[in-house]
A.B. asks: 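Quick one: structure below, then a few questions.
Residues: numbered from 1 along the sequence shown. Note that the structure is a prediction, hence the values are computed from the model and not measured.
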Amino acid sequence: MPRVLAALLYALAVVVARLPWRWLGALGDAIAARAVRRGSRESRITLRNLELIQPDATPAQRESLRRDVLRVTARQALETLRFWTRPHARNLEDIVEHRGAERLDAAIAAGRGVIVVAPHYGNWELLNQWLASRTPLAILYAPPESAVGDAFLQRVRAAHGDASRVTQIRAEAAGARQLFKWLQGGGVVGILPDQQPKQGDGEFAPFFGRPALTMSLLGRLASRTGAAVLIAWCERIGEDARGPRFALHVEPVDAAVADRDIATSVAALNGAIEQVARRDLAQYQWTYKRFSIQPDGTNPYWPDCY
């Protein structure tokens, strides 16, 4: 039954994604405006995040950025439907600038494994498709609570492409062991590193000046396997009648990410992510409760963001 319902969701996504981009852009803008007007949960979370990371900004400045974040987020959801339901080769035509792709090729050729740090910035689903066009890879992901949602993700991330190019590994103990083996065999692993892990699975480190519980798995993988660590993202740099245009970036990260000291490793990881997010704050995922677990046990989102 989950697969059947996922197939129906996919069919609906195909219909929506086939609308002209100017219609989809207008729809995204309307969704964002409604979220602000009605004070949706995502809108409240975004504002709280901006209060946490920009304590010196004026209310007017934060409000302007909140509107930008929600507009970009809504448009991203619709553009992602297009990426999930169109041939991957067509999607890659939307990447009009490539900066640092040779770094990935060189790291793969070295044969000691590659970890790609993929922040929730720009469009990470398009990044996944670009990576899969260059090499087989494993993607670590947190499965949705819904079996239907999980089946849908499994389908869209393989649609129009060679499913054998992308291995989706669940973020759990068995998955971590799979990643170690994958890297030891010289493979490429993509990790979205900026979602909050469960307590006991991470370490606190500064992120935009706030303590953020951060995954320690990435650093352990790097230190134990000797894999190269790169950070990559697909950044929106404009749009035309066909839709948004992107620039692909691949850059090295501070070697401290692979430090055996966990505190040092996660601090370097957050520093790398923050550097990317600061390029354009509106393109980062601020609708997520990144700071809900604090060292003193408080939750800055409670109760207003629930």
A.B. asks: Write down the atom of Ala17, the atom of Leu24, and the distance for their closest heavy-atom approach.
C.D. replies: O-CD1, 4.1 Å

A.B. asks: Any non-hydrogen side-chain atom of Val148 less than 4.5 Å from a side-chain atom of Leu9?
C.D. replies: yes

A.B. asks: How close do Leu183 and Ala227 get, counting heavy atoms only, and between which atoms?
C.D. replies: CD2-CB, 4.1 Å

A.B. asks: Evaluate ring-ring contact (aromatic ring centres under 6.0 Å, His included) for Phe246 paired with Trp233, printing each intermediate quantity in order.
C.D. replies: CA-CA 10 Å; Phe246 294 85; Trp233 65 95; over 10 Å; no

A.B. asks: Can we say Arg44 and Asp304 salt-bridge, meaning some charged N sits less than 4.0 Å from an Asp/Glu carboxylate O?
C.D. replies: no

A.B. asks: Taking the inter-plane angle between the rings of Trp286 and Phe208 on a 0 to 90° scale, is it parallel (under 30°), tilted (30 to 60°) or perpendicular (over 60°)?
C.D. replies: perpendicular

A.B. asks: What is the minimum heavy-atom distance between Ala272 and Ile231, and which atoms define it?
C.D. replies: O-CD1, 3.7 Å

A.B. asks: Is the shortest side-chain N to carboxylate O distance from Glu93 to Arg90 below 4.0 Å?
C.D. replies: yes

A.B. asks: Are Glu251 and Leu230 side-chain neighbours, meaning at least one heavy-atom pair lies under 4.5 Å?
C.D. replies: no

A.B. asks: Does the structure place the NZ or CZ of Arg155 under 6.0 Å from the centre of the six-membered ring of Tyr10, at an angle of no more than 45° from the ring's axis?
C.D. replies: yes

A.B. asks: Hey, are Arg279 and Glu235 close enough for a salt bridge, meaning a charged N less than 4.0 Å from a carboxylate O?
C.D. replies: yes

A.B. asks: Measure from the side-chain N and O atoms of Arg245 to the backbone N and O of Asp94, and report whether any donor-acceptor pair falls under 3.5 Å.
C.D. replies: no

